[in-house]
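Encoded as structure tokens, the structure appears first; notes follow it.
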Amino acid sequence: MQQQQQQRRIFTAALLALVFILAAVSTTEAGKKEKPEKKAKKSDCGEWQWSVCVPTSGDCGLGTREGTRSGAECKQTTKTQKCKIPCNWKKQFGAECKYQFQAWGECDLNTALKTRTGNLKRALHNADCQKTVTISKPCGKLTKPKPQGKFHLLTATH
């Protein structure tokens with residue numbers, strides 16, 4: 001009889017332990033189910049889209065850019081960010097695009113211009129930049145070859 005009572009106590013203790021473990025597991029799973037819902041609200045916001053950097057004064061230096069994003073549940077849909085446009089970059093290709101240029105080519109005698117090509121080195125703030133650009137500039141002083149006949153005439157008269 002004592003053995004049966006001892007076995008009942010062990011069985012009851014094991015049953016209570018099993019109930020306790022199942023309750024703990026179901027509480028843990030319930031906590032995990034709430035977290036993905038919170039993440040879904042955050043992912044409802046779209047990616048930030050930024051305008052070009054507008055200098056505070058002049059055409060380079062410190063300035064600001066405007067950012068916008070969409071989403072019904074977003075707390076913030078617009079914001080302003082400080083930015084800087086380097087003053088030594090070629091502005092004609094976009095103030096936020098930096099290019100590595102090759103050496104100047106030979107002078108084209110028809111146009112009196114020489115050209116060189118630049119490859120995109122860096123784009124600030126995900127700017128939309130051309131991969132390659134070409135620039136031209138005047139050749140400068142053109143030296144015309146002197147006719148050989150004049151030289152011979154000068155030496156012949158001496």
Query raised in the report: Under the criterion side chain to side chain contact (heavy atoms under 4.5 Å, CB included), which of Arg122, Lys131, Gln130 is the partner of Tyr99?
Result: Gln130
Query raised in the report: Under the criterion side chain to side chain contact (heavy atoms under 4.5 Å, CB included), which of Asn110, Leu109, Thr111 is the partner of Leu113?
Result: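 Only one of Asn110, Leu109, Thr111 forms a side chain to side chain contact (heavy atoms under 4.5 Å, CB included) with Leu113, namely Thr111.
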Show every donor-acceptor pair shorter than 3.5 Å between a side-chain atom in residues 45-55 and any protein atom, with sequence neighbours excluded, or say none if there are none.
from, atom 1, to, atom 2, distance (Å)
Ser51, OG, Glu66, N, 2.9
Ser51, OG, Glu66, O, 3.4

Query raised in the report: Can you check whether Gln76's main-chain N or O pairs, donor with acceptor, with Arg69's side chain at less than 3.5 Å?
Result: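 Side chain of Arg69 to backbone of Gln76, a donor-acceptor pair under 3.5 Å: yes, one is there.
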Report task. Calculate, to the nearest 0.5 Å, the distance between atoms NZ and NZ belonging to Lys98 and Lys121 respectively. Result -> 6.0 Å
Requested in this report: Determine whether Phe101 and Asn119 make a side-chain contact, defined as any pair of heavy atoms from C-beta on separated by less than 4.5 Å.
Outcome: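 No - every pair of side-chain heavy atoms lies 4.5 Å or more apart.
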Requested in this report: Start with the C-alpha gap between Lys82 and Leu62, add the side-chain angles, then the distance that decides, and say whether side-chain contact (heavy atoms from CB on, under 4.5 Å) holds.
Outcome: CA-CA 7 Å; Lys82 291 183 181 179; Leu62 295 177; over 6 Å; no
Query raised in the report: What's the verdict on side-chain contact (heavy atoms from CB on, under 4.5 Å) for Glu106 and Lys114, showing C-alpha distance, side-chain angles and the deciding distance?
Result: CA-CA 6 Å; Glu106 295 293 321; Lys114 54 184 174 180; over 6 Å; no
Query raised in the report: Which pair of non-hydrogen atoms, one from Asp128 and one from Cys97, has the smallest distance, and what is that distance?
Result: O-SG, 4.4 Å
Query raised in the report: Can you name the closest pair of heavy atoms from Ser136 and Thr115 and give their distance?
Result: OG-CG2, 2.9 Å
Requested in this report: Using the ring pair (Phe, Tyr, Trp, His ring centres under 6.0 Å) rule, collect all pairs that involve residues 59-78, keeping only residues at least two apart or in two chains.
Outcome: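 Of all non-adjacent pairs touching residues 59-78, none passes ring pair (Phe, Tyr, Trp, His ring centres under 6.0 Å).
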